[in-house]
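Notes to accompany the following structure.
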Amino acid sequence: CKRTHYSNEIGPELAGETVKVTGWVHEIRDLGGIVFVLIRDKNGITQLTAPSKKLSEEMMADVRAARKETIITLTGTVQESAKAPNGVEIIPSNIDVINVSQLPLPLDTTEKVEAEMDTRLDSRFMDLRKHDVSAIFKIKSQMLHTARNYFYDNDFTEITTPKLVASATEGGTELFPITYFEKEAFLGQSPQLYKQMMMATGLDNVFEIGQIFRAEEHDTLRHLNEALSIDAEMSFKSQTDAMNTLEELIKRILSDISTNCQKELSDLDHELDIPTEPFPIVTYEEVIDIVNSRDVEMNYGEDLNRAAEKVLGETMGSYYFITEWPTAIKPFYVMPNSDDAEKSTAFDLMYRDLELSSGAQRIHDYDLLYSQIEAKDLNPDSFEKYLQAFKYGMPPHSGWGMGADRLTMVITGAKNIRETVLFPRDRRRLTP
Ligand code: AMO
């Protein structure tokens, strides 16, 4: 059943040639004297055209035997046809049935009937047969590819760290406890402690692309219980350096997608938002003024609530940083500002009303780190192995973590984070 071409490779220039196309039967239109069968493969759709006047009875019977979503290999002659996809149709000389699909289908792959998200996720393999769904994952793949290229080009070492862990990093409430022999253990919320420990190894720049787990009970369009995070950590670098790295990475991702994913963007009917100017920076205090001026309540020392995010989304444009967060509402490892310890080196990267990334310069001084752990009512004993890395020469360092699924929402125009994850995990879903 070897194909000679994918759908998108067959155009009018091949008129008269014999080709082999393998794919799923997308749609069948039997007009009596002529039958059209659309065959779908990874890259597009090819039209089989069977005029009964020109074809044998056996051939017409084979064509009429086609069933939706059955896989066939079609051998035939290319003929120009202005009305068909890619301007060509194939007149069949042979049809091989490779694998028969059961009917009825759990989903309509032609999208004439739009399915609910849950129905789609229940039969995700079939959902991805729709080109506007697979496009999201092709773009996400390009995004991850570019991220890796960017890090390798900039002297980062790729690391992988455990997801079975003994302690919290981002505040104690959002942990999934698991049974780990006779010990208490959790699913990792973030590679935070490990990527920081790597700064004490002399590797200088590390990155990780891996899953993070958050036992958040929210049921929103932006949260999942298992998310993909792109984490970077760099030695001898300030938070400004870390912000620049993040901005450069995002701009390279946008540029690569614009170069390599035009078909996918058009399948999605999505126009990429590519900023040319540096990302604007607003301080946390300016954010409060902006939000309050729009009659939304937010006091100093509070995190952004949803209404505040919406106001920012309307006023700030696309990508922007929020800096100078109060030390009190950021995690223990965040370095306070040298001139005013109430404020910190922490930053968030936003896209309109969506938080994409958090980062900071980190505390590298053992005593300060120890006292910050205590100040957050955490037990330094449970951070013993992490703290050890700060006793024997820990460089100043900075880093960030970016939600890869959320970035995928932005670059594909998806409104629901579930669209951007093959098999999303939320409060109600653990299968498939
Ligand atoms: P934070 O907790 O802000 O920071 O997470 C970093 C980014 O990860 C994404 N994210 C999520 N995406 C989907 N669903 C979730 N439940 C979810 N939780 C987080 C967001 C968020 O901005 N250790 C720090 C990072 C650092 O300082 O290096 C951290 O985990 O896009």
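Ligands are counted one by one from 1 in listed order, and the atoms in each one are counted from 1 as well. Computed from a prediction, not measured in an experiment: that's the story for all the values here.
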Exercise. Quick one: side-chain contact (heavy atoms from CB on, under 4.5 Å) partners of Arg252, sequence neighbours excluded?
Worked result: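 Testing Arg252 for side-chain contact (heavy atoms from CB on, under 4.5 Å), a comparison that skips the adjacent residues, returns Thr146, Asn149, Tyr150, Asp153, Asp256.
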Nearest-0.5 Å distance, [atom1] of residue [X] to [atom2] of residue [Y]:
X: Asn225; Y: Leu430; atom1: CG; atom2: CG; value: 9.5 Å
X: His131; Y: Ser266; atom1: NE2; atom2: OG; value: 11.5 Å
X: Ser318; Y: Tyr351; atom1: OG; atom2: OH; value: 5.5 Å

Ignoring angles and geometry beyond distance, decide whether [X] reaches within less than 3.5 Å of ligand 1 through its nitrogen or oxygen atoms.
X: Ser190; result: yes
X: His223; result: no
X: Gly401; result: yes
X: Ser229; result: no
X: Met402; result: no
X: Leu224; result: yes

Which donor-acceptor pairs under 3.5 Å do the side chains of residues 377-386 make with protein atoms, sequence neighbours left out?
{"from": "Asn379", "atom 1": "OD1", "to": "Asp381", "atom 2": "N", "distance (Å)": "3.0"}
{"from": "Ser382", "atom 1": "OG", "to": "Asn379", "atom 2": "O", "distance (Å)": "2.8"}
{"from": "Tyr386", "atom 1": "OH", "to": "Gln196", "atom 2": "OE1", "distance (Å)": "2.8"}

Ligand-side contact atoms (ligand 1) for residue partner [X], heavy atom cut-off under 4.0 Å:
X: Gly403; result: 7 (C), 8 (O), 9 (C), 31 (O)
X: Ala227; result: 12 (N), 13 (C), 14 (N)
X: Trp400; result: 26 (C), 28 (O)
X: Lys195; result: 26 (C), 28 (O)
X: Ile417; result: 13 (C)
X: Arg222; result: 13 (C), 14 (N)
X: Gly359; result: 27 (O)
X: Ser357; result: 22 (O)

Any side-chain heavy-atom pair of [X] and [Y] under 4.5 Å:
X: Val21; Y: His5; result: no
X: Gln262; Y: Ser258; result: yes
X: Glu302; Y: Ile329; result: no
X: Leu144; Y: Ile209; result: yes

Can you tell which part of [X] has a heavy atom less than 4.0 Å from ligand 1: side chain, backbone, both or neither?
X: Gln189; value: neither
X: Arg362; value: side chain
X: Glu355; value: both
X: Tyr333; value: side chain

Problem set entry | Test item: side-chain donor near acceptor, Tyr194 and Glu208, under 3.5 Å |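 Their side chains do not contain a donor-acceptor pair, so the 3.5 Å distance test is not met.
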For this session: Could you tell me whether a side-chain N or O of Arg214 sits under 3.5 Å from a main-chain N or O of Leu224, the two making a donor and an acceptor?
Result: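 Answer holds: no.
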Problem set entry | Selection from Glu174, Arg214, Gln196 by shortest heavy-atom distance to atom 2 (O) of ligand 1 |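 Looking at heavy atoms only, the winner is Arg214.
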For this session: Would you check, one step at a time, whether the test ring pair (Phe, Tyr, Trp, His ring centres under 6.0 Å) holds for Tyr300 with Tyr284?
Result: CA-CA 9 Å; Tyr300 191 90; Tyr284 174 84; 5.4 Å; yes
Problem set entry | Any Asp405 heavy atom less than 4.0 Å to ligand 1 |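 Asp405: no contact with ligand 1 (<4.0 Å).
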